[in-house]
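I have placed the structure first, in the form of structure tokens, so that the comments after it can refer back to it.
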2 protein chains.
Amino acid sequence: MRRIAPDRADLLSIIGEVFREHGYEGASLALIGAATGLGKGSLYHFFPGGKEEMAAAIIAHIDGWFEENVFVPLQDRADPHAGIERMLEATDRYFRSGRRVCLIGAFALDESRDLFAKAIKSYFGRWVAHLAEALTRTGHSPARADELAEETVCAIQGALTLGRAFDDTAVFSRALQRARAALG
Amino acid sequence: MRRIAPDRADLLSIIGEVFREHGYEGASLALIGAATGLGKGSLYHFFPGGKEEMAAAIIAHIDGWFEENVFVPLQDRADPHAGIERMLEATDRYFRSGRRVCLIGAFALDESRDLFAKAIKSYFGRWVAHLAEALTRTGHSPARADELAEETVCAIQGALTLGRAFDDTAVFSRALQRARAALG
DNA sequence: GGAGTATTGTACCAATCGGTACAGTAGCGT
DNA sequence: ACGCTACTGTACCGATTGGTACAATACTCC
């Protein structure tokens with residue numbers, strides 16, 4: 001009966017979009033099934049832990065992507081400026097220039113935060129910490145680097161919210177431009 | 001059978017907290033009933049349109065609060081600096097120094113945005129626009145004022161997200177301090 | 001105190017929720 | 001061709017969802 005042989009990464013991406021669009025509560029198994037083309041049988045075969053395991057796997061998947069494409073570049077000791085630029089590019093790519101919303105940010109807002117608090121805290125914590133370290137390498141004082149890093153991640157998250165509210169991707173582009181100027 | 005005679009504002013505040021905490025989908029009538037102490041009979045008496053009417057009424061209620069406490073002060077033509085300071089104080093008060101999350105921002109992220117798109121867009125739009133006007137009065141060019149206003153509202157929204165992720169109200173306080181410095 | 005309205009609890013509804021059980025099929029290695 | 005595992009569809013579960021109906025009670029004004 002196998003229709004598609006979806007590798008796990010594809011599956012996680014699809015399910016991730018459902019969570020992104022509808023939130024944790026709103027993402028029903030019916031919606032997930034429709035989006036993936038999989039019945040409950042298959043879904044529970046891949047994720048015996050059900051919805052909660054799906055969400056956890058997606059968070060881990062996103063976390064892995066950021067680790068590789070955002071956090072690792074920031075640790076470039078040779079050229080911190082290049083690392084920061086690569087982070088901004090990866091961020092723009094990931095959020096599709098503002099067309100996409102931050103799933104982990106959305107989870108942070110409502111009650112689903114309690115289920116995934118550790119992972120959420122770790123994700124944002126590493127983002128800020130690695131950016132701050134890169135900024136100290138570009139010559140900023142540790143205190144100033146912490147401040148700038150937190151400000152930048154706040155600006156990105158806020159721009160995703162406002163961009164979505166206005167249904168206008170330009171908000172996100174402008175925020176990234178400002179970040180580029182402030183960090184450069 | 002009447003136990004309490006809750007005025008509508010109190011009722012909206014209580015229900016608002018439920019939506020804030022659980023999101024639109026997650027805020028079930030059972031939760032709302034438990035929080036307010038009202039049965040379905042009463043709830044549907046006050047809000048014949050059900051959950052959607054409740055959410056719309058809450059958005060309007062919040063909108064009204066911001067209109068009065070945030071947007072009107074920003075329109076102070078005599079002393080724009082004082083208006084901006086009053087906006088920052090009201091914002092801090094409203095979000096309880098970061099302990100509270102922005103309901104309208106949360107709605108903007110998930111699918112419930114589609115139901116309330118107009119109201120959400122208007123809320124953030126007026127916030128940015130009135131702040132920008134105040135900034136032109138303090139001597140900024142219109143272009144620079146728009147930029148600063150958008151940046152500030154993004155920073156506030158982002159700080160609410162990060163503050164909640166870290167479970168740390170200091171994130172929000174620092175963001176407001178930065179805003180104060182940038183706008184002053 | 002009586003009439004009329006505002007408010008309430010309860011019973012009920014079909015639909016959907018997340019989750020389980022399981023028999024059956026597909027695909028693969030041998 | 002065989003057996004084993006991976007995968008899948010379907011039927012089903014109890015609980016909960018948002019919503020309706022309505023009779024009963026509380027309150028208000030005359």
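The figures here come from the full heavy-atom set of this structure, side chains too, leaving out hydrogens, waters and symmetry mates. Sequence lines set the chain letters: A, B, ... in the order given, protein chains first and strands last, and positions in each chain run from 1.
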Check: Just how far, in rounded Å, is P of C:dT7 from CG of B:L11?
Finding: 11 Å

Side-chain donor-acceptor contacts of residues 67-74 of chain A below 3.5 Å, not counting sequence neighbours, with atom names and distances?
from, atom 1, to, atom 2, distance (Å)
A:E67, OE1, A:R126, NH1, 2.6

Note to self: Measuring to OP1 and OP2 of D:dT8, would you say a side-chain N or O of A:H45 lies under 4.0 angstrom away?
What the structure shows: no

Next item on the list: Just do the side-chain contact (heavy atoms from CB on, under 4.5 Å) check on B:R113 and A:D167 with the steps written out, would you?
Entry: CA-CA 10 Å; B:R113 178 191 65 150; A:D167 208 358; 3.7 Å; yes

Item checked: Contact summary for A:L31 and A:G26, nearest pair of heavy atoms -> CD1-O, 3.4 Å

Checklist line | B:R20 to B:L103 - nearest heavy-atom pair and separation | finding: NH1-N, 3.7 Å

Pick out the pairs of N or O atoms, protein on one side and nucleotides 18-21 of chain D on the other, that lie under 3.5 Å.
from, atom 1, to, atom 2, distance (Å)
D:dG18, OP1, B:K51, NZ, 2.8
D:dG18, OP2, B:L29, N, 2.8
D:dG18, N7, B:K40, NZ, 3.4
D:dG19, OP2, B:Y44, OH, 2.7
D:dG19, OP2, B:K51, N, 3.1
D:dG19, O5', B:Y44, OH, 3.1
D:dG19, N7, B:K40, NZ, 3.0
D:dG19, O6, B:K40, NZ, 2.3

When the side chains of residues 140-155 of chain B are checked against the rest of the protein, which donor-acceptor pairs come out under 3.5 Å, sequence neighbours left out?
from, atom 1, to, atom 2, distance (Å)
B:H140, ND1, B:L135, O, 3.3
B:H140, ND1, B:T138, OG1, 3.2
B:S141, OG, B:R144, N, 3.1
B:E147, OE2, A:R178, NH1, 3.1
B:E150, OE1, A:R174, NH2, 2.8
B:E150, OE2, A:R174, NE, 2.9
B:E150, OE2, A:R174, NH2, 3.4
B:T152, OG1, B:L148, O, 2.7

Next item on the list: May I have the step-by-step check of side-chain hydrogen bond (donor to acceptor under 3.5 Å, both in side chains) for B:E25 and A:H22, ending in yes or no?
Entry: CA-CA 9 Å; B:E25 296 286 335; A:H22 300 89; over 6 Å; no

Item checked: Spacing of A:H22 atom NE2 relative to D:dT17 atom P, expressed in whole Å -> 19 Å

Margin query: Rounded to whole Å, please give me the gap between CZ in B:F47 and P in C:dA6.
Written below: 16 Å

